[in-house]
Amino acid sequence: MEKIIDESVQGTPLSLQTSEENNRKLYIESYGCQMNFSDSEIVASILGKAGFNTTDKLEEADLVLVNTCSIREKAELTIRKRLEKFNTIKRHRPEMKVGVLGCMAERLKSKLLDEEKIVDMVVGPDAYKDLPNLVQEIDEGRNAVNVILSKEETYGDIAPVRLNTNGVTAFVSITRGCDNMCTFCVVPFTRGRERSREPQSIIDEVNDLWEKGFREITLLGQNVDSYLWYGGGLKKDFEKATEMQKATAVNFAKLLEMTAQAQPKMRIRFSTSNPQDMTIDAIHVMAKYENICNYIHLPVQSGSNRILKAMNRLHTREEYFKLIDTILEIIPDCAISQDMITGFPTETEEDHQDTLSLMEYVKYDYGFMFAYSERPGTMAARKLEDDVPEATKKRRLSEIIALQRQHCQLRTEQHLGKIQEVLIEGTSKKSQDHWMGRNSQNTVAVFPKEHYKVGDFVNVQMNSCTSATLIGEAVGYSENNQ
Ligand code: SAH
Ligand code: F3S
């Protein structure tokens, strides 16, 4: 993952899961957030039981699935271009079927079948268990659509097939949907209301990953701090739970603690945190357990109180600063990253300056920055005119990216001279002779391979850096190493 990204959206083909009993080939491409990549592993698992092995060769696929993203218009346009490419292949191989999964499927529903003639099947994020039936429908020559959103579905009972894996790091999803209704965001519409996954199934998955050699997991959700298990059902219905259910409910701090205790040597990360839902308890749990990484992705979107309000972000700039101060008091070396949007409707130059000054205060370790893109159906699209000129959005975007670059450099330099634990994930992209891994703060480090191997926890002396990468030298195994 790059430290500074703007509008780039990349699809990644997932490979390779094989079973001798299966005789059909599935090619899945995923776009957008980590949740989509994690969902594709669930889809591969469901279809693995319905006769499909995955392939990374598009030309030999019987079924092509695109797990789509609707977060910005550009993401959707990229995917539509990709569908055109599939169309050219289908001309030579008319038996190849194409299905659209994920947020675009949910947003556009059966309209997609009319707009994109190549598409045979449209399946929303809560309907993946229906895939075997839907595939049968298309086998019989009919188009198939299921975009029903669910109150309960968390796929807690599906063991994801780890695709395209480095064998060391994995995602474990803990919540689905989002109730926050930020006015710019399409996610509550495409992924439905918030619900949490049963904690024991999460712990079982983490234990299983450890057994298989994985050494780092990321607990995933649109808003992980809002996690709440009380026996199943929507978060918003918690009020209606019985006294017993309320008394035994598991919140995010508790889940984090349970996970850290279940596998004391497994590195634990989580994403994404919403400032208004983050609790002091969760921060204390992070501080208490060595194996929970000191890194929080804490999107703020804007530094202006007026814009935060218009975005329906339920906190002020001052409350955000207070949260940052508290985090750093409890975990002084905690890395923090942001998501930011420039050019939200009515954003003035003064609002933009507020964003820059907020960034100066926090000096984020990393950032993910975007120009506002109006999404049909959202409150902002319905109530506010997209009135900031494209050129202004882009100029403000480049200003915040430039500032973030400086802060990245500064934060990366702060690790210099230290010896830090790095988990080796694979060979460095730039050099065959170097390993690549990350420190607790999620900063990438590279160092000569020597006798170490993938999955080792190694202490690395940090000698120099670029703006986003530490360059060092191993000084031995860390005490965590197995
Ligand atoms: N809570 C989610 C947020 C998902 S969207 C999570 O798990 O990360 C990721 C980021 O995309 C948001 O934080 C926001 O910065 C950006 N984004 C969302 N809607 C957008 C829009 N309409 N235009 C531009 N950027 C948007
Ligand atoms: Fe979107 Fe806000 Fe939820 S950004 S995913 S509505 S926290």
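Counting starts at 1 for both ligands and their atoms, following the listed order.
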Does ligand 1 have an atom that lies less than 4.0 angstrom from a heavy atom of Gly221? yes

Mark the output for Ser271 as yes if a heavy-atom distance to ligand 1 is under 4.0 Å, and as no if none is. no

Closest candidate by heavy atom, reference atom 2 (C) of ligand 1, pool Arg191, Gln222, Lys74: Gln222

Could you tell me, atom by atom, which parts of ligand 2 come under 4.0 Å of a heavy atom of Phe184? 4 (S)

Determine the interplanar angle of the Tyr155 and Tyr128 rings, folded into 0 to 90°, and report it as parallel if under 30°, tilted if 30 to 60°, perpendicular if over 60°. parallel

Under the criterion salt bridge (charged side-chain N to carboxylate O under 4.0 Å, His left out), I'd like the reasoning laid out for Arg107 against Glu76: C-alpha separation, chi angles, the key distance, then a yes or no. CA-CA 11 Å; Arg107 193 176 85 72; Glu76 290 200 354; 2.8 Å; yes

Distance under 4.0 Å to a non-hydrogen atom of Gln301: what atoms of ligand 1 satisfy this? 12 (C), 13 (O), 14 (C), 15 (O)

Are there any protein N/O/S atoms under 2.8 Å from atom 3 (Fe) of ligand 2, and if so, which? Cys178 SG

Classify the side-chain pair Tyr289/Glu257 by whether it contains a donor and acceptor separated by less than 3.5 Å. yes

One residue to check: Phe370. Relative to ligand 1, which of side chain, backbone, both or neither has a non-hydrogen atom less than 4.0 Å away? side chain

Please determine if Thr272 has a nitrogen or oxygen closer than 3.5 Å to a nitrogen or oxygen of ligand 1. yes

Strictly below 4.0 Å, N to O, side chains only: are Glu347 and Lys393 in salt-bridge contact? no

Of all pairs that satisfy ring pair (Phe, Tyr, Trp, His ring centres under 6.0 Å), the ones with a partner from residues 296-326, not counting sequence neighbours: His297-Phe368, His315-Tyr320, Phe321-Tyr361

Side chain to side chain contact (heavy atoms under 4.5 Å, CB included) partners for Thr175, two or more places apart: Ser196, Tyr227

Report the residues that fulfil side-chain hydrogen bond (donor to acceptor under 3.5 Å, both in side chains) with Arg191, sequence neighbours left out, ordered by chain and then residue number. Asn36, Asp39

Is there a polar contact, in the sense of an N or O pair closer than 3.5 Å, between Met340 and ligand 1? no

Tell me whether Arg191 reaches ligand 2 (any heavy atom closer than 4.0 angstrom to a ligand atom). no

Inter-residue atom distance Asn439.CG - Asn294.CG, 0.5 Å rounding: 9.5 Å

At a non-hydrogen distance cut-off of under 4.0 Å, which region of Met35 contacts ligand 2 (side chain, backbone, both, or neither)? neither

So, regarding Glu374 and ligand 1 (criterion: nitrogen or oxygen to nitrogen or oxygen, under 3.5 Å), is there a contact or not? no

Only heavy atoms of Arg375, strictly under 4.0 Å: list the atoms of ligand 1 that pass. 22 (N)

How many angstroms lie between CG in Asp325 and CG in Leu323, if you round to the nearest 0.5 Å? 9.0 Å

